[in-house]
Amino acid sequence: MFNLSFLKDIGSIFSSGDVLGVDIGTASVKAVEVTRKKGLAYLNNYGILNNYGHFDRLNEVIQTSTMKIFDKEAVKLLQLLKKELKIKTKNVVASLPLFSAFSTLIEMPDISDQEVANTIQFKARQYVPMPLSEVTLDWMMVGKREKDGRVFRQILLVSVPTEKIKQYKEIFKSAGFNLAALEVESLSNVRALVGGDMTTTMIIDVGSHSTGILVAKGGFLKSSNQIDYAGSHLTHALSKGLNINLRRAEELKKQKGLTGTGGDYELSTIMFPFVDVIIKESIRVRNEYEKDQEDKVERVILTGGGANLPGLLEYVRSQTGVVTVKGSALSGFGFRDDMTPLVPELGTVLSVALGLSLREI
Ligand SMILES: Nc1ncnc2c1ncn2[C@@H]1O[C@H](COP(=O)(O)OP(=O)(O)OP(=O)(O)O)[C@@H](O)[C@H]1O
Ligand SMILES: [Mg+2]
């Protein structure tokens with residue numbers, strides 16, 4: 001298991017054994033309060049706050065792809081969560097959205113860690129699409145590969161605008177928390193859903209406004225892509241196509257999904273083109289990964305709220321021809337008995353937040 005943190009300097013303040021994992025998505029804020037009990041991670045409490053404003057005005061989202069967070073909104077939602085959940089933990093690990101970070105896999109000759117550290121800044125200049133003075137860089141070894149008789153080290157290089165990190169620190173401080181670590185959500189998903197498993201896995205995280213498409217193996221992220229189609233596009237398409245309001249469209253989507261027959265058949269025909277865009281992109285990412293890495297994607301894990309769209313799992317399986325399962329990020333956690341019926345859904349919706357908590361627990 002690996003850790004990658006942009007706030008390493010303050011990463012060791014967990015004396016109580018409790019941690020709050022916080023995932024600020026485009027349409028919701030999710031938090032999990034996790035304790036260590038007899039060496040195991042135990043989910044004490046969780047909260048999901050949806051920002052329903054985004055239903056009425058598409059622009060009113062908590063995060064936007066233009067890298068602007070509506071800070072005030074985020075602080076308000078965090079304070080509300082704290083109050084409603086009676087959160088006592090001050091220590092937070094939070095995720096950065098995929099679109100705010102730039103990740104790339106680079107290969108270097110099989111040199112020592114120190115040599116990599118010495119050359120990474122120079123290498124980064126070739127790849128990072130922003131001036132290096134404005135970004136915080138981090139990297140980790142994610143494997144080795146033999147090519148034409150030579151051994152190469154594979155390094156995942158991640159860069160995040162320093163301004164973004166500062167902004168997150170401010171948001172959590174204003175809401176009364178200590179931000180102990182920050183990581184890109186793709187890494188949290190890999191930790192929560194793949195762990196140390198050596199099966200080459202594609203994770204498709206269908207959120208509200210965007211879908212993350214990742215490839216991971218042995219706990220290491222190998223490829224990370226994103227497409228701006230996700231759950232909210234399905235809702236909007238239904239609303240327009242059936243001339244119903246967005247709330248009704250959202251309800252219908254969750255109820256029938258892609259499984260509509262007879263009178264409900266229209267529902268699926270409206271949504272399929274959007275789902276197909278996501279699948280097409282996933283297949284493109286898979287082909288690229290398989291060609292580059294001479295490896296095969298052996299399974300797909302669907303996560304994020306959109307993974308619960310009825311019929312999606314079967315459709316992805318039929319279109320990709322790969323074993324497809326829903327994320328079960330809660331499988332390694334203890335939790336109260338009365339949460340059991342919610343586990344299938346929470347295992348997808350909370351995958352990022354749970355992965356964050358596992359970083360520290
Ligand atoms: N049972 C369900 N069936 C279909 N869609 C669902 C279901 N439950 C949630 N969703 C959809 O999942 C989406 C929200 O997913 P999620 O909570 O992962 O998004 P987010 O993390 O806030 O957004 P993003 O990852 O884009 O920033 C919404 O579009 C919602 O309609
Ligand atoms: Mg998300």
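Here the structure is a predicted model, which is why all the values come from computation and not from measurement. One-based numbering, in listed order, for ligands and for the atoms of each.
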### Query
Residues two or more places apart in sequence or in another chain: which of them pass side chain to side chain contact (heavy atoms under 4.5 Å, CB included) with Glu84?
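Leu80.
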
### Summary
So the ring-ring contact (aromatic ring centres under 6.0 Å, His included) pairs with at least one residue in residues 271-321 (sequence neighbours excluded) are Phe272-Tyr315

Atom indices of ligand 1 within 4.0 angstrom of [X] heavy atoms, with elements:
X: Thr26; answer: 22 (O), 23 (O), 24 (P), 26 (O), 27 (O)
X: Gly304; answer: 18 (O)
X: Leu309; answer: 3 (N), 4 (C)
X: Ser232; answer: 29 (O)
X: Glu250; answer: 30 (C), 31 (O)
X: Gly25; answer: 21 (O), 22 (O), 27 (O)
X: Lys30; answer: 16 (P), 17 (O), 18 (O), 19 (O), 20 (P), 21 (O), 22 (O)

### Task
Could you check which of Gly311, Gly305, Pro97 puts a non-hydrogen atom nearest to atom 18 (O) of ligand 1?
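It is Gly305 whose heavy atom sits nearest to atom 18 (O) of ligand 1.
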
### Query
When you measure from atom 23 (O) of ligand 1 to each heavy atom in Pro344, Ser208, Gly212, which option holds the nearest one?
Ser208

### Query
Is it the side chain, the backbone, both or neither of Ser210 that has a heavy atom closer than 4.0 Å to ligand 1?
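It is both backbone and side chain that touch ligand 1.
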
### Message
Tell me whether Ser28 reaches ligand 1 (any heavy atom closer than 4.0 angstrom to a ligand atom).
### Response
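Ser28 counts as a contact of ligand 1 under the 4.0 Å cut-off.
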
### Message
With side chain to side chain contact (heavy atoms under 4.5 Å, CB included) as the test, pick out the partner of Met202 among Leu214, Val285, Val316.
### Response
Val285

### Task
Apply salt bridge (Lys or Arg N to Asp or Glu O under 4.0 Å) to Arg247 and Glu250, showing your working.
CA-CA 5 Å; Arg247 272 170 206 261; Glu250 177 77 3; over 6 Å; no

### Query
Do ligand 1 and Lys253 have nitrogen or oxygen atoms that lie under 3.5 Å from each other?
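In this structure, Lys253 places an N or O atom under 3.5 Å from an N or O of ligand 1.
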
### Query
Would Ser224 and Ser186 count as a side-chain hydrogen bond (donor to acceptor under 3.5 Å, both in side chains) if you check the C-alpha gap in whole Å, the side-chain angles of each, and the deciding distance to 0.1 Å?
CA-CA 7 Å; Ser224 133; Ser186 46; 4.7 Å; no

### Message
Quick check: closest heavy atoms across Val322 and Arg299, and the distance to 0.1 Å?
### Response
CG1-CA, 3.3 Å

### Message
Show the nearest heavy-atom pair for residues Asp23 and Glu185, with the distance to one decimal.
### Response
OD1-OE1, 4.4 Å

### Task
Classify the side-chain pair Thr348/Lys326 by whether it contains a donor and acceptor separated by less than 3.5 Å.
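On atom types as modelled, these side chains do not qualify, holding no pair under 3.5 Å.
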
